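I have placed the structure first, in the form of C-alpha coordinates, so that the comments after it can refer back to it.
Proteins get letters first, then strands, A, B, ... in listed order; numbering begins at 1 in each. It should be emphasised that the depicted structure is a prediction, and the values quoted were computed from it without experimental measurement.
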Protein chains: 2
Amino acid sequence: MRDTAVMRDPDTDSRADTGPSDDTPGDCPRPDGRLLRGEATRERVLDAAERLFSAEGVDAVSIRQIAAAAGVTLGVVGFHGGSKTELIRTVLSRRVEALNIARRDRLARVMAGPAPKLDDLVEAYILPYLEYASHDDPQWGAYARLIARIVADDRWYKNVGELYDPMAREYLDAMQQVCPEADRDALVTALTLTVASMLSLVASRARIAGLTGHAGGNAMDHRDTLVSFCVNGMTAIASRKGGPQDGP
Amino acid sequence: MRDTAVMRDPDTDSRADTGPSDDTPGDCPRPDGRLLRGEATRERVLDAAERLFSAEGVDAVSIRQIAAAAGVTLGVVGFHGGSKTELIRTVLSRRVEALNIARRDRLARVMAGPAPKLDDLVEAYILPYLEYASHDDPQWGAYARLIARIVADDRWYKNVGELYDPMAREYLDAMQQVCPEADRDALVTALTLTVASMLSLVASRARIAGLTGHAGGNAMDHRDTLVSFCVNGMTAIASRKGGPQDGP
DNA sequence: TGACAATTTATACGTACGTTCAGATAGTTT
DNA sequence: AAACTATCTGAACGTACGTATAAATTGTCA
(Lines give C-alpha, C1' and ligand atoms only; values in the text may rest on other atoms or scores of the structure.)
Protein backbone atom coordinates (compact mmCIF):
# COMPACT_ATOMS: atom_id res chain seq x y z
CA MET A 1 0.00 0.00 0.00
CA ARG A 2 1.35 3.33 -0.99
CA ASP A 3 1.06 6.32 1.22
CA THR A 4 1.30 9.98 0.56
CA ALA A 5 1.25 13.27 2.35
CA VAL A 6 -2.02 15.10 2.30
CA MET A 7 -3.28 18.30 3.75
CA ARG A 8 -5.29 17.68 6.88
CA ASP A 9 -7.12 20.91 7.54
CA PRO A 10 -8.08 23.36 4.81
CA ASP A 11 -8.68 26.04 7.43
CA THR A 12 -5.11 26.36 8.51
CA ASP A 13 -3.73 27.32 5.13
CA SER A 14 -1.84 30.48 5.90
CA ARG A 15 -1.11 31.20 2.25
CA ALA A 16 -4.80 31.37 1.43
CA ASP A 17 -5.15 34.66 3.28
CA THR A 18 -2.46 36.69 1.55
CA GLY A 19 -4.86 38.40 -0.81
CA PRO A 20 -7.58 37.83 -3.39
CA SER A 21 -5.54 36.65 -6.34
CA ASP A 22 -2.83 39.23 -6.91
CA ASP A 23 -0.13 36.82 -5.86
CA THR A 24 -1.24 34.19 -8.35
CA PRO A 25 0.54 34.78 -11.65
CA GLY A 26 -1.31 34.45 -14.90
CA ASP A 27 -4.56 35.76 -13.53
CA CYS A 28 -4.74 38.83 -15.74
CA PRO A 29 -3.39 37.84 -19.13
CA ARG A 30 -2.17 40.90 -21.00
CA PRO A 31 -2.75 41.26 -24.73
CA ASP A 32 0.97 41.39 -25.35
CA GLY A 33 1.07 37.61 -25.20
CA ARG A 34 3.61 37.55 -22.50
CA LEU A 35 1.44 35.45 -20.19
CA LEU A 36 -0.12 33.29 -22.86
CA ARG A 37 2.67 30.77 -22.62
CA GLY A 38 2.05 30.28 -18.93
CA GLU A 39 -1.69 30.39 -19.36
CA ALA A 40 -1.69 27.16 -21.34
CA THR A 41 0.38 25.43 -18.68
CA ARG A 42 -1.90 26.77 -16.01
CA GLU A 43 -4.90 25.25 -17.76
CA ARG A 44 -3.16 21.90 -17.99
CA VAL A 45 -2.44 22.01 -14.27
CA LEU A 46 -6.01 22.94 -13.38
CA ASP A 47 -7.38 20.29 -15.73
CA ALA A 48 -5.23 17.61 -14.15
CA ALA A 49 -6.18 18.73 -10.66
CA GLU A 50 -9.83 18.72 -11.62
CA ARG A 51 -9.62 15.21 -13.01
CA LEU A 52 -7.72 13.75 -10.10
CA PHE A 53 -9.61 15.53 -7.35
CA SER A 54 -12.90 14.34 -8.77
CA ALA A 55 -11.74 10.78 -9.35
CA GLU A 56 -9.89 10.15 -6.10
CA GLY A 57 -11.02 12.82 -3.70
CA VAL A 58 -9.16 15.94 -2.73
CA ASP A 59 -7.44 14.38 0.25
CA ALA A 60 -6.21 11.40 -1.70
CA VAL A 61 -4.44 13.35 -4.43
CA SER A 62 -0.94 14.73 -4.03
CA ILE A 63 0.57 17.73 -5.74
CA ARG A 64 3.08 15.36 -7.29
CA GLN A 65 0.33 13.30 -8.89
CA ILE A 66 -1.16 16.45 -10.33
CA ALA A 67 2.19 17.53 -11.68
CA ALA A 68 2.75 14.15 -13.30
CA ALA A 69 -0.74 14.09 -14.83
CA ALA A 70 -0.28 17.61 -16.17
CA GLY A 71 3.16 16.78 -17.55
CA VAL A 72 4.90 19.49 -15.59
CA THR A 73 7.40 19.55 -12.79
CA LEU A 74 6.47 19.86 -9.17
CA GLY A 75 7.23 23.54 -8.77
CA VAL A 76 4.96 24.53 -11.64
CA VAL A 77 1.88 23.38 -9.76
CA GLY A 78 2.76 25.64 -6.89
CA PHE A 79 3.62 28.48 -9.27
CA HIS A 80 0.26 28.38 -11.04
CA GLY A 81 -1.96 26.93 -8.37
CA GLY A 82 -0.56 28.22 -5.12
CA SER A 83 -1.14 26.08 -2.07
CA LYS A 84 -3.36 23.06 -2.24
CA THR A 85 -6.31 24.92 -0.73
CA GLU A 86 -5.89 27.75 -3.23
CA LEU A 87 -5.66 25.21 -6.02
CA ILE A 88 -9.00 23.66 -5.10
CA ARG A 89 -10.65 27.05 -4.91
CA THR A 90 -9.19 27.99 -8.27
CA VAL A 91 -10.34 24.76 -9.88
CA LEU A 92 -13.88 25.27 -8.61
CA SER A 93 -14.01 28.99 -9.37
CA ARG A 94 -12.91 28.46 -12.94
CA ARG A 95 -16.21 26.94 -14.03
CA VAL A 96 -18.72 28.10 -11.46
CA GLU A 97 -19.55 31.27 -13.35
CA ALA A 98 -20.65 29.39 -16.47
CA LEU A 99 -22.86 27.10 -14.41
CA ASN A 100 -24.33 30.00 -12.48
CA ILE A 101 -25.04 31.93 -15.66
CA ALA A 102 -26.84 28.95 -17.19
CA ARG A 103 -28.93 28.60 -14.07
CA ARG A 104 -29.64 32.31 -13.76
CA ASP A 105 -30.67 32.56 -17.42
CA ARG A 106 -33.02 29.68 -17.02
CA LEU A 107 -34.41 31.03 -13.80
CA ALA A 108 -35.06 34.41 -15.40
CA ARG A 109 -36.78 32.79 -18.36
CA VAL A 110 -39.05 30.78 -16.06
CA MET A 111 -39.94 33.75 -13.90
CA ALA A 112 -40.58 35.93 -16.92
CA GLY A 113 -43.20 33.49 -18.14
CA PRO A 114 -46.93 33.98 -17.58
CA ALA A 115 -47.38 31.44 -14.78
CA PRO A 116 -44.12 30.21 -13.26
CA LYS A 117 -44.50 26.76 -11.78
CA LEU A 118 -42.44 24.99 -9.17
CA ASP A 119 -41.77 22.20 -11.63
CA ASP A 120 -40.05 24.61 -13.97
CA LEU A 121 -37.89 25.96 -11.19
CA VAL A 122 -36.71 22.51 -10.17
CA GLU A 123 -35.92 21.70 -13.78
CA ALA A 124 -34.15 25.01 -14.23
CA TYR A 125 -31.89 24.20 -11.30
CA ILE A 126 -31.19 20.60 -12.18
CA LEU A 127 -30.79 20.51 -15.92
CA PRO A 128 -27.88 22.92 -16.39
CA TYR A 129 -25.83 20.85 -13.99
CA LEU A 130 -26.82 17.64 -15.72
CA GLU A 131 -26.02 19.09 -19.11
CA TYR A 132 -22.61 20.25 -18.03
CA ALA A 133 -22.01 16.87 -16.37
CA SER A 134 -22.57 15.25 -19.77
CA HIS A 135 -20.68 17.90 -21.70
CA ASP A 136 -18.50 16.84 -24.61
CA ASP A 137 -15.49 18.22 -22.81
CA PRO A 138 -14.78 15.51 -20.22
CA GLN A 139 -13.32 18.14 -17.90
CA TRP A 140 -16.85 19.34 -17.29
CA GLY A 141 -17.79 15.86 -16.18
CA ALA A 142 -14.87 15.84 -13.79
CA TYR A 143 -15.93 19.23 -12.47
CA ALA A 144 -19.47 17.96 -11.92
CA ARG A 145 -18.25 14.98 -9.94
CA LEU A 146 -15.89 17.19 -7.96
CA ILE A 147 -18.79 19.40 -6.90
CA ALA A 148 -20.57 16.31 -5.63
CA ARG A 149 -17.56 15.47 -3.48
CA ILE A 150 -17.22 18.97 -2.11
CA VAL A 151 -20.88 19.49 -1.28
CA ALA A 152 -21.02 16.18 0.57
CA ASP A 153 -18.11 17.17 2.79
CA ASP A 154 -18.75 19.93 5.29
CA ARG A 155 -15.06 20.26 5.83
CA TRP A 156 -14.49 21.41 2.27
CA TYR A 157 -17.85 22.95 1.65
CA LYS A 158 -17.39 25.72 4.15
CA ASN A 159 -14.36 26.80 2.13
CA VAL A 160 -16.20 27.11 -1.17
CA GLY A 161 -19.85 27.29 -0.25
CA GLU A 162 -20.09 30.95 -1.12
CA LEU A 163 -19.53 30.03 -4.75
CA TYR A 164 -22.81 28.14 -4.90
CA ASP A 165 -25.04 29.39 -2.08
CA PRO A 166 -26.03 32.73 -3.66
CA MET A 167 -27.49 30.93 -6.65
CA ALA A 168 -29.37 28.55 -4.37
CA ARG A 169 -30.76 31.57 -2.54
CA GLU A 170 -32.04 33.07 -5.78
CA TYR A 171 -33.90 29.86 -6.48
CA LEU A 172 -35.26 29.71 -2.96
CA ASP A 173 -36.58 33.25 -3.31
CA ALA A 174 -38.22 32.33 -6.60
CA MET A 175 -39.75 29.21 -5.08
CA GLN A 176 -41.05 31.21 -2.18
CA GLN A 177 -42.54 33.66 -4.67
CA VAL A 178 -44.26 30.86 -6.58
CA CYS A 179 -45.40 29.13 -3.39
CA PRO A 180 -45.97 31.92 -0.87
CA GLU A 181 -47.61 29.55 1.57
CA ALA A 182 -44.63 27.24 1.82
CA ASP A 183 -42.42 27.19 4.88
CA ARG A 184 -39.05 28.66 4.10
CA ASP A 185 -37.01 26.18 6.12
CA ALA A 186 -38.84 23.28 4.53
CA LEU A 187 -38.01 24.71 1.12
CA VAL A 188 -34.36 24.88 2.10
CA THR A 189 -34.42 21.28 3.20
CA ALA A 190 -36.24 20.20 0.06
CA LEU A 191 -33.75 22.01 -2.16
CA THR A 192 -30.92 20.37 -0.29
CA LEU A 193 -32.50 16.98 -0.90
CA THR A 194 -32.93 17.87 -4.55
CA VAL A 195 -29.29 18.83 -4.82
CA ALA A 196 -28.22 15.65 -3.06
CA SER A 197 -30.29 13.56 -5.47
CA MET A 198 -28.93 15.44 -8.44
CA LEU A 199 -25.34 15.03 -7.36
CA SER A 200 -25.71 11.38 -6.45
CA LEU A 201 -26.76 10.59 -9.97
CA VAL A 202 -23.47 11.92 -11.24
CA ALA A 203 -21.23 10.75 -8.42
CA SER A 204 -22.56 7.37 -7.30
CA ARG A 205 -22.41 5.41 -10.51
CA ALA A 206 -21.05 2.33 -8.76
CA ARG A 207 -24.09 1.88 -6.53
CA ILE A 208 -26.63 2.15 -9.33
CA ALA A 209 -24.59 -0.15 -11.54
CA GLY A 210 -24.27 -2.68 -8.73
CA LEU A 211 -28.00 -2.73 -8.03
CA THR A 212 -29.24 -2.78 -11.61
CA GLY A 213 -26.69 -5.36 -12.64
CA HIS A 214 -25.63 -3.46 -15.71
CA ALA A 215 -23.35 -0.50 -16.13
CA GLY A 216 -25.80 2.03 -17.49
CA GLY A 217 -24.86 5.04 -19.58
CA ASN A 218 -24.23 8.55 -18.41
CA ALA A 219 -26.26 10.61 -15.98
CA MET A 220 -28.47 11.93 -18.77
CA ASP A 221 -30.06 8.49 -19.11
CA HIS A 222 -31.69 8.98 -15.73
CA ARG A 223 -32.60 12.59 -16.37
CA ASP A 224 -36.35 12.13 -16.48
CA THR A 225 -36.37 9.88 -13.45
CA LEU A 226 -34.38 12.45 -11.48
CA VAL A 227 -36.55 15.37 -12.52
CA SER A 228 -39.74 13.46 -11.82
CA PHE A 229 -38.48 12.36 -8.42
CA CYS A 230 -37.39 15.82 -7.35
CA VAL A 231 -40.35 17.71 -8.80
CA ASN A 232 -42.83 15.50 -6.99
CA GLY A 233 -40.86 15.53 -3.78
CA MET A 234 -40.42 19.28 -3.86
CA THR A 235 -44.06 19.85 -4.72
CA ALA A 236 -45.14 17.77 -1.76
CA ILE A 237 -43.02 19.88 0.58
CA ALA A 238 -44.01 23.21 -0.92
CA SER A 239 -47.72 22.44 -0.84
CA ARG A 240 -47.67 21.98 2.89
CA LYS A 241 -48.66 25.12 4.77
CA GLY A 242 -46.01 27.21 6.48
CA GLY A 243 -44.90 26.75 10.08
CA PRO A 244 -43.01 23.85 11.57
CA GLN A 245 -44.40 20.48 10.63
CA ASP A 246 -41.44 18.49 11.77
CA GLY A 247 -39.95 17.31 14.97
CA PRO A 248 -40.77 18.19 18.56
CA MET B 1 -0.40 23.55 6.87
CA ARG B 2 0.20 20.12 8.23
CA ASP B 3 0.55 17.16 6.01
CA THR B 4 0.23 13.49 6.62
CA ALA B 5 0.62 10.19 4.90
CA VAL B 6 -2.55 8.63 3.64
CA MET B 7 -3.44 5.50 1.79
CA ARG B 8 -4.08 6.24 -1.84
CA ASP B 9 -5.74 3.15 -3.20
CA PRO B 10 -7.81 0.79 -1.08
CA ASP B 11 -7.57 -1.85 -3.79
CA THR B 12 -3.87 -2.42 -3.42
CA ASP B 13 -3.97 -3.43 0.19
CA SER B 14 -2.11 -6.70 0.15
CA ARG B 15 -2.93 -7.48 3.77
CA ALA B 16 -6.63 -7.39 3.08
CA ASP B 17 -6.43 -10.60 1.09
CA THR B 18 -4.78 -12.80 3.67
CA GLY B 19 -8.01 -14.32 4.87
CA PRO B 20 -11.43 -13.55 6.25
CA SER B 21 -10.59 -12.45 9.75
CA ASP B 22 -8.51 -15.22 11.26
CA ASP B 23 -5.48 -13.00 11.41
CA THR B 24 -7.27 -10.32 13.38
CA PRO B 25 -6.97 -11.09 17.07
CA GLY B 26 -9.93 -10.61 19.34
CA ASP B 27 -12.46 -11.60 16.76
CA CYS B 28 -13.76 -14.66 18.58
CA PRO B 29 -13.77 -13.78 22.27
CA ARG B 30 -13.68 -16.95 24.32
CA PRO B 31 -15.75 -17.28 27.46
CA ASP B 32 -12.64 -17.80 29.53
CA GLY B 33 -12.14 -14.06 29.64
CA ARG B 34 -8.75 -14.16 28.08
CA LEU B 35 -9.67 -11.81 25.25
CA LEU B 36 -11.92 -9.51 27.22
CA ARG B 37 -9.07 -7.23 28.19
CA GLY B 38 -8.15 -6.67 24.58
CA GLU B 39 -11.76 -6.45 23.53
CA ALA B 40 -12.26 -3.22 25.45
CA THR B 41 -9.20 -1.70 23.83
CA ARG B 42 -10.38 -2.87 20.47
CA GLU B 43 -13.69 -1.10 20.96
CA ARG B 44 -11.89 2.12 21.91
CA VAL B 45 -9.83 1.91 18.74
CA LEU B 46 -12.85 1.26 16.54
CA ASP B 47 -14.81 4.03 18.24
CA ALA B 48 -12.00 6.52 17.66
CA ALA B 49 -11.64 5.45 14.04
CA GLU B 50 -15.36 5.74 13.53
CA ARG B 51 -15.44 9.24 14.97
CA LEU B 52 -12.46 10.52 13.05
CA PHE B 53 -13.30 8.86 9.75
CA SER B 54 -16.78 10.31 9.82
CA ALA B 55 -15.66 13.78 10.86
CA GLU B 56 -12.66 14.22 8.58
CA GLY B 57 -12.99 11.62 5.88
CA VAL B 58 -11.14 8.36 5.64
CA ASP B 59 -8.30 9.74 3.57
CA ALA B 60 -7.70 12.65 5.89
CA VAL B 61 -7.25 10.61 9.06
CA SER B 62 -3.99 8.96 10.01
CA ILE B 63 -3.47 5.89 12.10
CA ARG B 64 -1.57 8.06 14.52
CA GLN B 65 -4.56 10.34 15.01
CA ILE B 66 -6.72 7.32 15.71
CA ALA B 67 -4.23 5.99 18.21
CA ALA B 68 -4.08 9.33 19.98
CA ALA B 69 -7.86 9.67 20.08
CA ALA B 70 -8.22 6.15 21.42
CA GLY B 71 -5.52 6.71 24.00
CA VAL B 72 -3.40 3.84 22.81
CA THR B 73 -0.03 3.55 21.16
CA LEU B 74 0.49 3.31 17.45
CA GLY B 75 1.05 -0.41 17.30
CA VAL B 76 -2.21 -1.21 19.05
CA VAL B 77 -4.22 0.16 16.18
CA GLY B 78 -2.48 -2.20 13.82
CA PHE B 79 -2.83 -5.04 16.29
CA HIS B 80 -6.60 -4.70 16.63
CA GLY B 81 -7.50 -3.08 13.35
CA GLY B 82 -5.05 -4.50 10.87
CA SER B 83 -4.28 -2.37 7.87
CA LYS B 84 -6.17 0.82 7.24
CA THR B 85 -8.44 -0.82 4.67
CA GLU B 86 -9.21 -3.64 7.08
CA LEU B 87 -9.86 -1.11 9.82
CA ILE B 88 -12.47 0.68 7.74
CA ARG B 89 -14.20 -2.56 6.86
CA THR B 90 -14.20 -3.59 10.50
CA VAL B 91 -15.62 -0.25 11.62
CA LEU B 92 -18.44 -0.52 9.10
CA SER B 93 -19.14 -4.20 9.68
CA ARG B 94 -19.44 -3.72 13.41
CA ARG B 95 -22.76 -1.94 13.19
CA VAL B 96 -24.21 -2.94 9.86
CA GLU B 97 -25.94 -5.99 11.24
CA ALA B 98 -27.99 -3.99 13.74
CA LEU B 99 -29.06 -1.56 11.02
CA ASN B 100 -29.93 -4.36 8.63
CA ILE B 101 -31.93 -6.18 11.27
CA ALA B 102 -33.94 -3.06 12.05
CA ARG B 103 -34.66 -2.60 8.37
CA ARG B 104 -35.47 -6.23 7.77
CA ASP B 105 -37.85 -6.36 10.74
CA ARG B 106 -39.63 -3.30 9.53
CA LEU B 107 -39.80 -4.59 6.00
CA ALA B 108 -41.26 -7.88 7.17
CA ARG B 109 -43.83 -6.08 9.28
CA VAL B 110 -44.90 -3.94 6.33
CA MET B 111 -45.15 -6.85 3.92
CA ALA B 112 -47.06 -8.94 6.45
CA GLY B 113 -49.75 -6.29 6.60
CA PRO B 114 -53.00 -6.51 4.65
CA ALA B 115 -52.15 -3.97 1.94
CA PRO B 116 -48.47 -3.03 1.80
CA LYS B 117 -47.99 0.43 0.34
CA LEU B 118 -44.95 1.99 -1.25
CA ASP B 119 -45.06 4.77 1.32
CA ASP B 120 -44.54 2.27 4.10
CA LEU B 121 -41.60 0.71 2.33
CA VAL B 122 -39.86 4.02 1.90
CA GLU B 123 -40.45 4.82 5.54
CA ALA B 124 -39.25 1.40 6.58
CA TYR B 125 -36.00 1.97 4.75
CA ILE B 126 -35.40 5.53 5.89
CA LEU B 127 -36.46 5.64 9.50
CA PRO B 128 -34.13 3.02 11.01
CA TYR B 129 -31.17 4.90 9.60
CA LEU B 130 -32.49 8.20 10.88
CA GLU B 131 -33.16 6.73 14.29
CA TYR B 132 -29.69 5.30 14.58
CA ALA B 133 -28.25 8.59 13.33
CA SER B 134 -29.95 10.30 16.28
CA HIS B 135 -29.14 7.53 18.74
CA ASP B 136 -28.16 8.45 22.27
CA ASP B 137 -24.80 6.82 21.76
CA PRO B 138 -22.95 9.41 19.67
CA GLN B 139 -20.94 6.66 18.02
CA TRP B 140 -24.05 5.73 16.09
CA GLY B 141 -24.22 9.27 14.78
CA ALA B 142 -20.61 9.01 13.69
CA TYR B 143 -21.34 5.71 12.00
CA ALA B 144 -24.30 7.24 10.16
CA ARG B 145 -22.18 10.10 8.85
CA LEU B 146 -19.44 7.69 7.88
CA ILE B 147 -21.87 5.69 5.76
CA ALA B 148 -22.78 8.90 3.95
CA ARG B 149 -19.14 9.48 3.12
CA ILE B 150 -18.57 5.94 1.94
CA VAL B 151 -21.65 5.70 -0.25
CA ALA B 152 -20.83 8.98 -1.95
CA ASP B 153 -17.38 7.73 -2.90
CA ASP B 154 -17.23 4.99 -5.50
CA ARG B 155 -13.64 4.37 -4.60
CA TRP B 156 -14.57 3.24 -1.11
CA TYR B 157 -18.02 1.97 -1.85
CA LYS B 158 -16.86 -0.86 -4.03
CA ASN B 159 -14.93 -2.14 -1.02
CA VAL B 160 -17.89 -2.27 1.32
CA GLY B 161 -20.93 -2.17 -0.92
CA GLU B 162 -21.77 -5.79 -0.28
CA LEU B 163 -22.55 -4.87 3.31
CA TYR B 164 -25.50 -2.75 2.24
CA ASP B 165 -26.57 -3.84 -1.23
CA PRO B 166 -28.34 -7.09 -0.23
CA MET B 167 -30.69 -5.13 2.05
CA ALA B 168 -31.36 -2.64 -0.75
CA ARG B 169 -32.19 -5.57 -3.02
CA GLU B 170 -34.70 -6.92 -0.55
CA TYR B 171 -36.44 -3.58 -0.55
CA LEU B 172 -36.33 -3.36 -4.32
CA ASP B 173 -37.97 -6.78 -4.56
CA ALA B 174 -40.65 -5.68 -2.14
CA MET B 175 -41.24 -2.48 -4.07
CA GLN B 176 -41.51 -4.41 -7.28
CA GLN B 177 -44.01 -6.69 -5.59
CA VAL B 178 -46.10 -3.76 -4.43
CA CYS B 179 -45.80 -2.00 -7.78
CA PRO B 180 -45.59 -4.76 -10.38
CA GLU B 181 -45.99 -2.29 -13.23
CA ALA B 182 -42.96 -0.23 -12.28
CA ASP B 183 -39.75 -0.42 -14.26
CA ARG B 184 -37.05 -2.13 -12.25
CA ASP B 185 -34.20 0.15 -13.31
CA ALA B 186 -36.28 3.19 -12.51
CA LEU B 187 -36.91 1.75 -9.06
CA VAL B 188 -33.20 1.29 -8.57
CA THR B 189 -32.56 4.88 -9.56
CA ALA B 190 -35.34 6.13 -7.33
CA LEU B 191 -34.05 4.16 -4.36
CA THR B 192 -30.59 5.56 -4.98
CA LEU B 193 -32.02 9.08 -4.98
CA THR B 194 -33.88 8.27 -1.78
CA VAL B 195 -30.69 7.04 -0.16
CA ALA B 196 -28.80 10.11 -1.33
CA SER B 197 -31.45 12.37 0.14
CA MET B 198 -31.48 10.45 3.37
CA LEU B 199 -27.74 10.55 3.76
CA SER B 200 -27.44 14.21 2.83
CA LEU B 201 -29.69 15.14 5.69
CA VAL B 202 -27.25 13.57 8.10
CA ALA B 203 -24.02 14.52 6.39
CA SER B 204 -24.53 17.96 4.89
CA ARG B 205 -25.47 19.96 7.95
CA ALA B 206 -23.31 22.90 6.87
CA ARG B 207 -25.23 23.56 3.67
CA ILE B 208 -28.66 23.53 5.29
CA ALA B 209 -27.43 25.70 8.14
CA GLY B 210 -25.86 28.16 5.71
CA LEU B 211 -29.04 28.47 3.64
CA THR B 212 -31.54 28.69 6.47
CA GLY B 213 -29.38 31.09 8.43
CA HIS B 214 -29.73 29.14 11.66
CA ALA B 215 -28.03 26.04 12.87
CA GLY B 216 -31.01 23.73 13.16
CA GLY B 217 -31.17 20.68 15.37
CA ASN B 218 -30.43 17.11 14.48
CA ALA B 219 -31.54 15.17 11.43
CA MET B 220 -34.74 14.07 13.15
CA ASP B 221 -36.06 17.63 12.92
CA HIS B 222 -36.30 17.22 9.16
CA ARG B 223 -37.65 13.71 9.35
CA ASP B 224 -41.12 14.44 8.04
CA THR B 225 -39.80 16.63 5.24
CA LEU B 226 -37.43 13.90 4.16
CA VAL B 227 -40.05 11.18 4.24
CA SER B 228 -42.57 13.32 2.41
CA PHE B 229 -40.03 14.27 -0.24
CA CYS B 230 -38.89 10.71 -0.87
CA VAL B 231 -42.31 9.09 -0.69
CA ASN B 232 -43.74 11.46 -3.27
CA GLY B 233 -40.68 11.22 -5.47
CA MET B 234 -40.63 7.44 -5.29
CA THR B 235 -44.35 7.16 -5.92
CA ALA B 236 -44.04 9.29 -9.03
CA ILE B 237 -41.38 6.99 -10.40
CA ALA B 238 -43.12 3.77 -9.45
CA SER B 239 -46.44 4.81 -10.94
CA ARG B 240 -44.91 5.24 -14.37
CA LYS B 241 -45.33 2.16 -16.51
CA GLY B 242 -42.42 -0.16 -17.11
CA GLY B 243 -39.98 0.15 -19.98
CA PRO B 244 -37.49 2.93 -20.62
CA GLN B 245 -38.95 6.39 -20.16
CA ASP B 246 -35.66 8.18 -20.21
CA GLY B 247 -33.47 9.35 -23.03
CA PRO B 248 -31.45 7.08 -25.28
C1' DT C 1 21.81 42.60 -28.88
C1' DG C 2 21.23 42.90 -24.25
C1' DA C 3 18.33 43.85 -20.31
C1' DC C 4 14.23 42.27 -18.30
C1' DA C 5 10.43 39.60 -16.54
C1' DA C 6 7.73 35.44 -16.78
C1' DT C 7 8.18 30.79 -16.55
C1' DT C 8 10.29 26.31 -15.69
C1' DT C 9 13.72 23.11 -13.66
C1' DA C 10 15.98 20.70 -10.22
C1' DT C 11 16.75 20.04 -5.68
C1' DA C 12 16.33 20.39 -0.89
C1' DC C 13 14.17 20.65 3.85
C1' DG C 14 11.45 19.24 7.46
C1' DT C 15 7.54 16.57 8.66
C1' DA C 16 4.25 12.90 8.71
C1' DC C 17 2.86 8.69 7.03
C1' DG C 18 1.71 3.20 7.18
C1' DT C 19 3.74 -0.68 8.62
C1' DT C 20 6.71 -3.71 11.20
C1' DC C 21 8.83 -5.87 15.17
C1' DA C 22 11.72 -7.09 19.21
C1' DG C 23 10.92 -6.88 23.65
C1' DA C 24 8.19 -5.65 27.99
C1' DT C 25 3.88 -6.54 30.60
C1' DA C 26 0.11 -8.89 32.49
C1' DG C 27 -3.34 -12.24 32.89
C1' DT C 28 -4.23 -17.63 32.64
C1' DT C 29 -3.17 -22.28 32.93
C1' DT C 30 -0.39 -26.08 34.45
C1' DA D 1 5.99 -20.96 40.80
C1' DA D 2 6.81 -21.53 36.04
C1' DA D 3 5.39 -21.69 31.42
C1' DC D 4 2.44 -19.71 28.15
C1' DT D 5 -0.14 -16.59 25.49
C1' DA D 6 -2.56 -12.34 24.57
C1' DT D 7 -1.73 -7.67 24.78
C1' DC D 8 0.91 -3.61 24.68
C1' DT D 9 5.13 -0.47 24.23
C1' DG D 10 8.52 2.08 22.01
C1' DA D 11 11.26 2.70 18.33
C1' DA D 12 12.57 2.21 13.83
C1' DC D 13 12.37 1.89 8.47
C1' DG D 14 11.52 3.44 4.14
C1' DT D 15 8.55 6.36 1.56
C1' DA D 16 5.89 10.26 0.31
C1' DC D 17 4.26 14.60 1.33
C1' DG D 18 3.73 20.13 0.89
C1' DT D 19 6.41 23.86 0.36
C1' DA D 20 10.31 26.79 -0.78
C1' DT D 21 14.03 28.51 -3.67
C1' DA D 22 18.23 29.25 -6.41
C1' DA D 23 19.41 28.70 -10.91
C1' DA D 24 18.34 27.92 -15.74
C1' DT D 25 15.40 28.89 -19.59
C1' DT D 26 12.38 31.33 -22.65
C1' DG D 27 10.12 34.98 -24.93
C1' DT D 28 9.55 40.30 -25.24
C1' DC D 29 10.85 44.76 -25.78
C1' DA D 30 14.21 48.67 -25.56
Side-chain angles (χ1 to χ4, degrees), chain A residues 1-10 12-16 18 23-45 49 58-68 70-88, chain B residues 1-10 12-16 18 23-45 49 58-68 70-88:
Chain A
M1 173 185 303
R2 298 162 52 215
D3 56 7
T4 69
V6 156
M7 156 199 329
R8 281 261 181 272
D9 189 350
T12 60
D13 179 6
S14 56
R15 294 182 50 181
T18 55
D23 54 341
T24 305
D27 259 346
C28 43
R30 309 186 214 145
D32 60 21
R34 217 164 352 158
L35 296 181
L36 291 185
R37 177 174 37 121
E39 200 62 24
T41 310
R42 181 183 137 101
E43 292 297 308
R44 292 226 315 284
V45 170
V58 174
D59 288 310
V61 173
S62 70
I63 305 288
R64 282 171 172 83
Q65 283 179 283
I66 294 169
V72 301
T73 53
L74 184 59
V76 173
V77 178
F79 180 74
H80 286 294
S83 76
K84 198 172 176 181
T85 302
E86 288 174 301
L87 178 58
I88 294 156
Chain B
M1 173 186 305
R2 297 160 55 216
D3 55 8
T4 70
V6 157
M7 158 200 329
R8 283 260 181 274
D9 190 349
T12 60
D13 180 6
S14 56
R15 295 182 49 181
T18 53
D23 55 340
T24 305
D27 259 347
C28 41
R30 310 184 214 146
D32 58 23
R34 224 179 328 170
L35 297 180
L36 291 184
R37 177 173 38 120
E39 200 62 23
T41 310
R42 181 183 137 102
E43 292 297 306
R44 291 226 315 284
V45 169
V58 174
D59 288 308
V61 173
S62 69
I63 305 289
R64 282 171 171 81
Q65 284 178 283
I66 294 170
V72 300
T73 53
L74 185 56
V76 174
V77 179
F79 181 73
H80 286 294
S83 76
K84 199 172 177 182
T85 301
E86 288 174 300
L87 178 58
I88 294 155

In this structure, how many angstroms lie between the P atom of C/dC21 and the CD1 atom of B/I63, rounded? 17 Å

A/R44 CZ to C/dT8 P, straight-line distance once rounded to whole Å: 8 Å

In whole Å, I'd like the distance from the CD atom of B/E39 to the P atom of D/dC8. 10 Å

I need the CG-P distance between B/D59 and C/dG18, as an integer number of Å. 10 Å

Under 3.5 Å: donor-acceptor pair, side chain of A/Q65, backbone of A/S62: yes

Once you round to the nearest 0.5 Å, how far does CD of B/E86 lie from CD1 of B/I88? 10.5 Å

Rounded to whole Å, how long is the line connecting atom CZ of B/F79 with atom P of C/dT25? 17 Å

Whole Å only: how far is the NE2 atom of B/H80 from the P atom of D/dC8? 4 Å

In whole Å, I'd like the distance from the CZ atom of B/R42 to the C1' atom of D/dC8. 16 Å

Phosphate OP1/OP2 of D/dC8: any B/T41 side-chain N/O under 4.0 Å: yes

Atom NZ of B/K84 and atom C1' of C/dA16 are separated, to the nearest Å, by 12 Å

Between the OG1 atom in B/T41 and the NE2 atom in B/H80, the distance rounded to the nearest 0.5 Å is 5.0 Å

How close do A/K84 and A/D59 get, counting heavy atoms only, and between which atoms? NZ-O, 4.4 Å

For nucleotides 9-12 of chain C, tabulate all protein N/O to nucleotide N/O atom pairs closer than 3.5 Å, reporting atom names and distance.
residue : atom : partner : partner atom : Å
C/dT9   : OP2  : A/T73   : OG1          : 2.8

Going by the side-chain contact (heavy atoms from CB on, under 4.5 Å) test, name the single residue among A/V77, A/V58, A/V61 that passes it with A/L87. A/V77

